[in-house]
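As a basis for the values below, the full set of heavy atoms in this structure was taken, side chains included, without hydrogen atoms, waters or symmetry mates.
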Amino acid sequence: MSRLTFRASAYEVKVPASSANVGPGFDSFAIALEKRDRYIAQVLDDKNLDIDVAGEGADEVTKDEKNLVVKAIHKGWEFLGLSKKEFPGLALRALNNLPHGRGLGSSASAIVGGLVLSRSLVVGGADRMSDNDLLTLATEMEGHPDNVAAALFGGAVLSWSGNDFADAIKLEVSPRITAVAFIPANNVPTSKARKMLPESIPHQDAVKNSINTALLTQALTTRPDLLLIATEDFLHQKYRESAMPKSFALMSKLRAAGVPAFISGAGPSVLALLVDADLNHELEDLVRAAGAGFTVENLEISRVGYQVSN
């Protein structure tokens, strides 16, 4: 007999997009953005999986036990003490708003959404799986904690992990800061982008990157006037230029104009952080600067992470 009691009602979770690295903060910094995927799940009496996906990637996302949201739900149930043979059936509905393979945290959204649903569907699940437990499980699945921490907690996060744990500090982003995303039509798999990174970098680049990463904590919170300096990266972006030349050129163009811009996560989207912006005026200029090939979206900083309801 199962050691878990499942709730009969369906639960819905909305998970924000996330932009990792924020320039120099490789695998440690991320920002949550107000563009959300939605997942609704309900436990079934039989052992069947009933999965329906709409929106981004609907024709590409697997609709079986390999579905990333389902894998996260199952991982959560295992953490809560359920064996694989005890998994009940599941109805899952996903409305994907986040583009896949663009560096805006679509996989982190699916993982966090599935784990939140796993505990929500279990009586007492939230008491047995804390947010910190959830972050550790999500990091195991994602491979790094930055995107999943932002999706979980909202705002900006500074995250780190070890062999069997992950943790994060939430930073309250200055209300003066607004985010604008430049999203290309093409994608770049994260695995490909990571393979382009060198085993070592020049010592002087490491020094500059360390300084800017430390400065980033202040720039995001109390000193947004320092964002242009603090978002300059010396660790990873230039090594990926050949995989996303148009994105790199746009980022360089924006930075040369004094706009704090960086490759979002593993790319190829570009994120710009505007300070005290008149968006009605500045968005027009940014759309012109991007030219053809990019969709420009104003994505407010998401002050909260996942939102769950039934």
Side-chain angles (χ1 to χ4, degrees), residues 1-16 18 20 27 30 32 37-51 61-94 105-154 157 159-170 304-310:
M1 180 179 293
S2 170
R3 289 170 286 171
L4 302 182
T5 302
F6 291 99
R7 301 184 190 276
S9 57
Y11 277 77
E12 177 181 11
V13 62
K14 301 176 182 178
V15 189
S18 55
D27 278 2
D37 281 346
R38 296 172 55 198
Y39 312 103
I40 303 172
Q42 185 171 19
V43 171
L44 302 177
D45 292 332
D46 54 32
K47 293 284 188 177
N48 293 330
L49 277 177
D50 177 8
I51 302 172
V61 173
T62 58
K63 299 176 179 65
D64 55 23
E65 67 278 357
K66 294 182 180 179
N67 178 279
L68 191 53
V69 181
V70 172
K71 288 172 68 175
I73 291 173
H74 286 171
K75 187 175 183 70
W77 284 346
E78 285 185 293
F79 175 85
L80 293 172
L82 201 66
S83 66
K84 291 182 179 180
K85 66 180 181 181
E86 294 176 306
F87 289 164
L90 186 71
L92 174 67
R93 301 291 179 265
S106 61
S107 63
S109 171
I111 290 168
V112 169
L115 288 169
V116 170
L117 287 171
S118 74
R119 71 181 184 185
S120 299
L121 292 168
V122 172
V123 175
D127 296 328
R128 299 168 66 175
M129 183 195 296
S130 68
D131 278 352
N132 242 99
D133 293 328
L134 198 154
L135 176 60
T136 297
L137 293 172
T139 300
E140 290 175 5
M141 295 186 70
E142 179 79 341
H144 43 92
D146 44 4
N147 285 101
V148 292
L152 183 58
F153 297 116
V157 291
S159 59
W160 64 98
S161 61
N163 290 334
D164 57 358
F165 79 94
D167 210 341
I169 295 172
K170 180 178 179 179
V304 297
Y306 72 88
Q307 298 169 321
V308 64
S309 60
N310 68 340

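- For Lys85, the side-chain contact (heavy atoms from CB on, under 4.5 Å) partners at least two apart in sequence or on another chain are Ser83.
- The number of heavy-atom neighbours closer than 6.0 Å to CG of Asp46, taken from other residues, nucleotides and ligands shown, is above 12.
- Minimum interatomic distance between Asp37 and Tyr39 (heavy atoms only, all atoms of both residues): OD2-OH, 3.2 Å.
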Run the side-chain contact (heavy atoms from CB on, under 4.5 Å) check on Thr136 and Asp164 step by step: do they pass?
-> CA-CA 7 Å; Thr136 297; Asp164 57 358; 6.0 Å; no
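- Under the rule for a side-chain contact (heavy atoms from CB on, under 4.5 Å), the partners of Glu12 that lie at least two apart in sequence or sit in another chain are Lys14, Arg38, Ile40, Ser309.
- Between the side chain of Ser109 and the main chain of Gly105, no donor-acceptor pair closer than 3.5 Å is present.
- Nearest heavy atom pair, residue Val15 against residue Ala151, reads CG1-CB, 3.7 Å.
- Under the salt bridge (charged side-chain N to carboxylate O under 4.0 Å, His left out) criterion, Glu140 pairs with Lys75, not counting sequence neighbours.
- Interatomic distance, CG of Leu152 versus OG of Ser18, reported as 11.0 Å (0.5 Å rounding).
- For Lys63, the NZ atom sits in a packed shell: over 12 heavy atoms of surrounding residues, nucleotides or ligands are nearer than 6.0 Å.
- In the displayed structure, Lys47 atom NZ is contacted under 6.0 Å by more than 12 heavy atoms of other residues, nucleotides or ligands.
- Of the options Ile51, Asn48, Leu121, Leu44, a side chain to side chain contact (heavy atoms under 4.5 Å, CB included) to Leu90 is made by Leu121 and by none of the others.
- The shortest non-hydrogen separation linking Ser107 to Leu68 is O-CD2, 3.7 Å.
- Expressed to the nearest 0.5 Å, how far NE2 of His144 lies from OG of Ser159 amounts to 9.5 Å.
- In this structure the side chain of Trp160 never reaches within 4.5 angstrom of the side chain of Thr139, judged on heavy atoms.
- Note that CG of Leu134 and CZ of Phe153 are 8.5 Å apart. Values are rounded to the nearest 0.5 Å.
- Legend: residues meeting salt bridge (charged side-chain N to carboxylate O under 4.0 Å, His left out) with Asp50, ordered by chain and number and at least two apart, are Arg93.
- Scanning all heavy atoms of the two residues, the minimum distance from Asp27 to Pro145 falls at O-CD, 4.0 Å.
- Residues Ser120 and Asn310 fail the side-chain proximity criterion, which asks for heavy atoms closer than 4.5 Å.
- Residue Leu82 holds its CG atom at 5.0 Å from CG of Leu4, rounded to the nearest 0.5 Å.
- Qualifying side-chain contact (heavy atoms from CB on, under 4.5 Å) partners for Ala32, counting only residues two or more places apart in sequence or in other chains: Pro16, Ala150, Ser302.
- Closest approach of Asn147 to Ala20, counting heavy atoms only: OD1-CB, 3.4 Å.
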List the steps and the verdict of side-chain contact (heavy atoms from CB on, under 4.5 Å) for Trp77 and Phe6.
-> CA-CA 11 Å; Trp77 284 346; Phe6 291 99; 3.6 Å; yes
Apply the test side-chain contact (heavy atoms from CB on, under 4.5 Å) to residues Phe87 and Ile73: give CA-CA distance (whole Å), side-chain angles for both, the deciding distance (0.1 Å), then the verdict.
-> CA-CA 10 Å; Phe87 289 164; Ile73 291 173; over 6 Å; no
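- Interatomic distance, Leu115 CG to Tyr306 OH, rounded to the nearest 0.5 Å: 11.0 Å.
- At least one side-chain heavy atom of Met129 sits under 4.5 Å from a side-chain heavy atom of Leu137.
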What do the steps show when you test Val112 against Glu142 for side-chain contact (heavy atoms from CB on, under 4.5 Å), and what is the final call?
-> CA-CA 10 Å; Val112 169; Glu142 179 79 341; over 6 Å; no
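- Between Val70 and the choices Asp64, Thr62, Leu92, the side chain to side chain contact (heavy atoms under 4.5 Å, CB included) rule is met once, by Leu92.
- The salt bridge (charged side-chain N to carboxylate O under 4.0 Å, His left out) contacts involving residues 118-133 comprise Arg119-Asp131, where partners must be two or more places apart or lie in separate chains.
- Distance check: Glu65 CD to His74 NE2 gives 8.5 Å after rounding to the nearest 0.5 Å.
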